Amino acid sequence: MNVDDAVKAGMASATPGHVPKIIVRNLKKIFVNPETGAEVVAIENLNLTIHDREFVAIVGPSGCGKSTFLYLLAGFEPITSGSIAMDGVDITGPGPDRGIVFQEFVLYPWRTVLRNITLGLEIRKMPRSEAGDRARKWIRLTGLSGFENAYPATLSGGMKQRVAIARALAYDPEVLLLDEPFGALDVQTKNYMIGDLQNLWQEANKTILLVTHSVSEAIRMADRIVVFRARPSCVIQDEKIDVLHPRDPLDPRLIEYQRKITRVLSAEVDKAMRREHEAKG
Amino acid sequence: MRRIRPIISIGLPLLLWEFTSRMGWINNFLFPPPLAIAQAIWLQVGPYGNPPYAVLFHVLRSMVRILAGIGLALAIGCIVGLLIGLTRWGNAIFKPIISIIVPVPTLAWTPVLLLIFGIDDRTTITVVFIAASLTIIYNVVAGAEMLGARVFWVIQSMGASPWQIFYKLIIPGIFPYLITGLKLGIGFAWRALIAAEMLAASSYGLGFMIFDATQYLSMDIIFGGMLLIALSGYLLEHVILGRVEAVTIKRWGVQVER
């Protein structure tokens, strides 16, 4: 069950490259209420460069637009103006080069764990046996061995999220997008998963973007933490976390980073809360 | 122990009926004893019935009509339901039409259909179609609306073609709702069919059998016919569809999670 053992055999050292992978320029996103015509500017003047095989965490106050940003990257929502380009090509819609993991898992309940994971491979028309082998590899790496034929309804939250992660990684997208993946899990499960999956990210060797409201979560996993300001959001802090994996949560360097980032984040959260308060009158 | 309860709750009144009828304590012309009813029906099942094998033909005819109507309702109901639930234009075009048709009791269509088709199987099959397709559409729409954007996003991020999305997501996604719609639809359709068979006074069919028996004051055939109707309906709605429903729900878990 231990992911560590499974990965130690052939762990690729994944040092993030310095080749830009995703370039975001002057991004703006406005939501228009179809009935009232009211406009909400979610994102404005956002500029960000994400490098190949970097693990970037995005933190920000609730409702600031970090999930929106992820959905724009994923191609689920159209951008209002500006550009998002991956490998020089503008993003126009969803595609197999970007995998997604949602907070609410979103597994297909009529499929077993194995078949949920092979979904992306079936779409690619991969022969069944090959798809099965590939899926089994990711089942092992995410610690799901033994649960291949279980249906999602019988799984705990933590297991469901592992399935969702394995599903997103199985078809080998270049970029993995995670939208508050541990948000629906209790603290104990979350802490366990973060520790257990640390080696998974190394093995996956991908560009990873993690959206979270938890700085401690980001500190443990990311190479770089980007702080979004309150709506309309843009980048207000960009911090490289220069600590080797596996990381000890009690490492003083990590604690220092956490303090630094939390200070900036708290100020933004205050601003966002105050604005909501004022809006309510 | 639990199986005995329905036997007792149905059997006891039957026993009472048998006894009071044979004793003449209740009007045994209006209420012939159950055993006599069974005998009369059994006679009609066999070659000495009038016409020979009458009951078999009646049951068969009703069955053919309901299956034909259900088949049509399933095909068209799914298509329309999906169009309403998944496309904006489908919703705009079909929903108003359906909303106007729904309040009309299915049976009220019979006179119109009689005038169009005459005393013909097409009348009764169309009645079945109307009853079943409306129910199926309603449930398929509910199922499609339950899907939500994210299940689509998941499969789109895998680079799925629209056809792949249809048979890997939409079909299995709405399946339990479809089954529920089918189960309810068959129930409504069966009841509407029997009534239509009585109104349309066609030849053969359980509804017709009862209606016809009224002319000859054959109370035993009437009651027997009602029993057959009840049994057939129960078979269709609960035994056959009930099994399919149980298997589907068991696999998905009691709560379908998105």
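Nothing here was measured: the structure is a model prediction, and the numbers come from that model. Per chain, numbering begins at 1; letters A, B, ... match sequence-line order.
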Participant: Got more than 12 heavy atoms from elsewhere within 6.0 Å of OH, Y138(B)?
Facilitator: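 Counting other residues, nucleotides and ligands, OH of Y138(B) stays at 12 neighbours or fewer.
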Participant: Verify the neighbour count for atom NZ of K168(B): are there more than 12 heavy atoms of other residues, nucleotides or ligands below 6.0 Å?
Facilitator: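 Yes, enclosed.
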Participant: For V151(B) versus Y108(A), what's the shortest heavy-atom pair and its separation?
Facilitator: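 Here V151(B) and Y108(A) meet closest at O-OH, 2.7 Å.
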Participant: Any idea which heavy atoms bring P96(A) and M158(B) closest together, and the distance?
Facilitator: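 Here P96(A) and M158(B) meet closest at CB-O, 3.7 Å.
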Participant: Locate the shortest heavy-atom distance separating S157(B) from Y171(A); write the atom from each residue and the value.
Facilitator: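 Scanning both residues, the minimum pair turns out to be O-OH, 3.3 Å.
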Participant: Please rank I123(A), D97(A), V101(A) by heavy-atom pairs under 4.5 Å with chain B and give me the top one.
Facilitator: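 Between I123(A), D97(A), V101(A), the count favours I123(A).
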Participant: Side chain from CB out, backbone as N, CA, C, O: work out which of these in Q156(B) comes under 4.5 Å of a heavy atom of chain A, or both, or neither.
Facilitator: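 It is both, since atoms from each part get that close.
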Participant: Let me confirm one number: the CZ-CD distance from R150(B) to Q103(A), rounded to the nearest 0.5 Å.
Facilitator: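 R150(B) atom CZ to Q103(A) atom CD measures 8.5 Å (nearest 0.5 Å).
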Participant: What do you reckon, is CE of M226(B) surrounded by more than 12 foreign heavy atoms closer than 6.0 Å?
Facilitator: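 Incorrect, the count does not exceed 12.
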Participant: Given the options A160(B), A149(B), S161(B), which has more heavy-atom pairs under 4.5 Å with chain A than any of the others?
Facilitator: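 Greatest number of close heavy-atom pairs with chain A: A160(B).
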